[in-house]
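Naming: A, B, ... by sequence-line order, numbering from 1 per chain.
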Amino acid sequence: MERLLQDNEQRPQEAYYRKVQLPAGDLHVYASDSLFAGLDYKVLDMANNNLQIPGNRYMSYTPDVHVGVGTCIGTTAIWDMADGYVSPSIVGSDIGCGMRLHLTNLHRDDLRDVKLRRKLVKAIERHLPVEEQARGHFSDIRLDHIVRKGLSGLPKKYVPDGYTPRKATSLTRVECGKFGLDESYLERLPETVYHRAHRQLGTLGNGNHFAEIQYVEIDEDHRDIAEQWGLSDGQVAVMIHSGSRAWGGAVNQYCSSEIVKMMSRRGLGTADPKLLFAPLDSESGQMYVNLMYSALNYAVVNRHLIAYAIREAGQQVFGSKFEMSTLYDLMHNYAWEEKHGKNTLFVHRKGATRALPPGHPDNPDAYAETGHPALIPGSMGTSSYIMVGKPGGQSNYYSICHGAGRIRSRSATKRLVTMDQFRSSMRIGSDDEIVVNQRTLESLIDESPQAYKDVDQIIDSVVGAGLAGVVAKCKPLAAVKGV
DNA sequence: ATGTAC
């Protein structure tokens with residue numbers, strides 16, 4: 001496999017894409033020559049295992065690809081709906097993890113004073129629980145409604161921008177707010193996860209999950225789209241990155257153990273015992289798909305409630321005139337059915353974001369003409385991006401990257417990055433310091449930018465391949481991390 | 001990423 005990577009380096013074909021012919025099938029890699037050359041050859045081993053799942057129709061990597069459990073983060077993997085497979089390993093354990101962006105009526109100049117940014121972060125800490133809550137929190141929200149109905153299961157008071165179909169921007173400006181499922185499967189999960197997941201509603205979680213206060217810098221190439229979306233230069237935005245917490249974890253754990261048994265009974269498997277998969281029409285496959293949808297419901301509500309808490313904090317600091325309208329909410333860890341031409345396909349995206357171009361029928365109404373926003377987080381302290389799909393994205397089933405892509409393990413990052421380097425990347429002590437919440441900087445060092453590829457290079461690669469364009473950069477002013 | 005077992 002290492003040999004193959006070197007061969008490809010020696011005969012570059014196109015600048016931003018190449019097809020890698022592996023023993024088990026073709027892998028489509030969307031990465032610039034320099035990013036491709038820097039890939040760990042293990043990502044090709046992993047693709048070769050994934051391609052051994054029967055009937056795979058398409059498999060690709062985005063430029064931020066890196067090794068995960070069973071499957072790389074940065075994978076798009078597709079089967080036919082009629083006789084295909086579903087893989088909990090390809091979806092990954094943080095089912096429904098994704099991004100949400102809100103636009104405020106503040107300008108970055110309003111937050112020029114570092115003391116005011118700190119005051120806002122402290123207010124967010126008061127309203128946004130960073131860890132599991134005591135019993136009784138959100139007692140007016142029923143978890144069984146949330147996991148069955150997603151955003152439609154929320155009481156009206158949590159939809160502050162109106163509840164009529166025309167005005168409910170926080171319910172309609174989402175990739176999907178409600179995933180229908182066969183509710184009988186919910187009974188399979190242990191009772192304890194209901195309590196835990198209820199107490200975790202509206203919390204960030206740990207790792208790379210965050211809420212950031214950012215400001216918008218529009219890209220001149222797409223100023224028309226930016227303005228149609230209501231963006232303006234210097235506008236303060238709130239970006240949220242979180243997933244389905246313990247609920248998704250329990251779904252993954254329970255279904256994985258059932259699928260392991262099924263695979264053993266049927267003699268299914270690849271070279272990697274950690275790579276789990278089930279026929280879509282099998283009992284364990286159906287169970288996984290339905291319970292995965294419940295986790296997608298949980299995740300979209302979780303991000304909505306995080307935004308709700310930050311809105312309350314903003315109003316406490318800036319008064320009731322503070323606004324936080326929803327731009328978009330979309331996922332990067334999931335699998336679902338999509339129509340592509342005449343084909344009905346089951347599309348897995350793990351660390352991959354869908355970016356539909358203008359005019360694509362699957363865009364939500366608000367973005368039918370422009371294409372929808374695709375939200376790509378940078379690493380801590382660096383820019384995040386608001387992208388829009390291009391027609392060329394069709395070649396990759398409209399998948400683009402999901403972030404910078406980790407290049408260094410948490411332990412290696414702690415070993416290699418000094419506190420001085422990290423403090424300097426966060427501009428600590430200067431007037432434009434990126435203010436972080438109560439966690440000490442030492443405890444955040446494994447999320448430092450040095451643990452990640454350069455997100456700008458990842459974005460250049462996606463743009464160069466013709467998959468998407470940059471509508472705006474979002475630059476950090478303050479970051480809130482979970483525990 | 002997460003809960004849990006070590």
For residues 60-76 of chain A, please give each side-chain donor-acceptor pair under 3.5 Å, one per line with the distance, not counting sequence neighbours.
{"residue": "A/Ser60", "atom": "OG", "partner": "A/Asn396", "partner atom": "OD1", "Å": "2.7"}
{"residue": "A/Tyr61", "atom": "OH", "partner": "A/Val43", "partner atom": "O", "Å": "2.6"}
{"residue": "A/Tyr61", "atom": "OH", "partner": "A/Ala47", "partner atom": "N", "Å": "3.3"}
{"residue": "A/Thr62", "atom": "OG1", "partner": "A/Asp64", "partner atom": "OD1", "Å": "2.7"}
{"residue": "A/Thr62", "atom": "OG1", "partner": "A/Gly74", "partner atom": "O", "Å": "3.3"}
{"residue": "A/Asp64", "atom": "OD2", "partner": "A/His402", "partner atom": "N", "Å": "2.9"}
{"residue": "A/Asp64", "atom": "OD2", "partner": "A/His402", "partner atom": "ND1", "Å": "2.7"}
{"residue": "A/Asp64", "atom": "OD2", "partner": "A/Gly403", "partner atom": "N", "Å": "3.2"}
{"residue": "A/Thr71", "atom": "OG1", "partner": "A/Asn50", "partner atom": "OD1", "Å": "2.8"}
{"residue": "A/Thr75", "atom": "OG1", "partner": "A/Cys72", "partner atom": "O", "Å": "2.8"}
{"residue": "A/Thr76", "atom": "OG1", "partner": "A/Ser399", "partner atom": "OG", "Å": "2.8"}

Worksheet item: Just to confirm, is there a sub-4.0 Å distance from OP1 or OP2 of B/dA1 to any side-chain nitrogen or oxygen of A/Arg245?
Response: no
Discussion item. Without decimals, in angstroms, what is the distance between A/Glu447 CD and B/dA1 P?
Written reply: 7 Å
Worksheet, complete the sentence: From CG of A/Asp94 across to C1' of B/dT2 the rounded distance in Å is 8 Å
Fill in: Protein-nucleotide distance (A/Tyr254, atom OH; B/dT4, atom C1'), rounded to Å
18 Å
Item to complete: Give one of base, sugar-phosphate or nothing for A/Gly205, where a contact means two heavy atoms less than 4.0 Å apart.
Response: sugar-phosphate
Item to complete: Respond yes when some side-chain nitrogen or oxygen of A/Gln200 is under 4.0 Å from OP1 or OP2 of B/dG3, and no when none is.
Response: yes
Worksheet, complete the sentence: Separation of B/dA1 atom P from A/Asn302 atom CG, nearest Å, is 14 Å
Fill in: Under 3.5 Å: donor-acceptor pair, side chain of A/Trp79, backbone of A/Pro54
yes
Worksheet item: Tell me, do A/Tyr452 and A/Glu447 make a side-chain contact under 4.5 Å, heavy atoms counted?
Response: yes
Discussion item. From CG of A/Asn252 over to P of B/dG3, roughly how many Å is that when rounded to an integer?
Written reply: 12 Å
Worksheet item: Using Watson-Crick and G-U wobble pairs whose two distances are both under 3.5 Å, how do you write the pairing of DNA chain B as dot-bracket, with | for links to another strand?
Response: ......
Worksheet item: Just how far, in rounded Å, is P of B/dT4 from CG of A/Asn206?
Response: 14 Å
Worksheet item: Rounded to the Å, how far apart are A/His209 NE2 and B/dG3 P?
Response: 11 Å
Worksheet entry | B/dA1 phosphate, OP1 or OP2, under 4.0 Å from A/Asn208 side-chain N/O | yes
Discussion item. With a 6.0 Å cut-off on the ring centroids, do A/Tyr367 and A/Trp229 count as close?
Written reply: yes
Worksheet item: Ring centres of A/Tyr30 and A/His28 under 6.0 Å apart?
Response: no
Worksheet entry | Sidechain-backbone polar pair: A/Lys178 side chain, A/Gly153 backbone, donor-acceptor under 3.5 Å | no
Item to complete: Tell me yes or no: between the side chains of A/Ser184 and A/Asp182, is some donor less than 3.5 Å from an acceptor?
Response: yes
Fill in: Side-chain N,O (A/Arg196) to OP1/OP2 (B/dT4) below 4.0 Å
yes
Practice prompt. Let me know the distance between NE2 of A/His241 and P of B/dT2, rounded to the nearest Å.
Written response: 10 Å
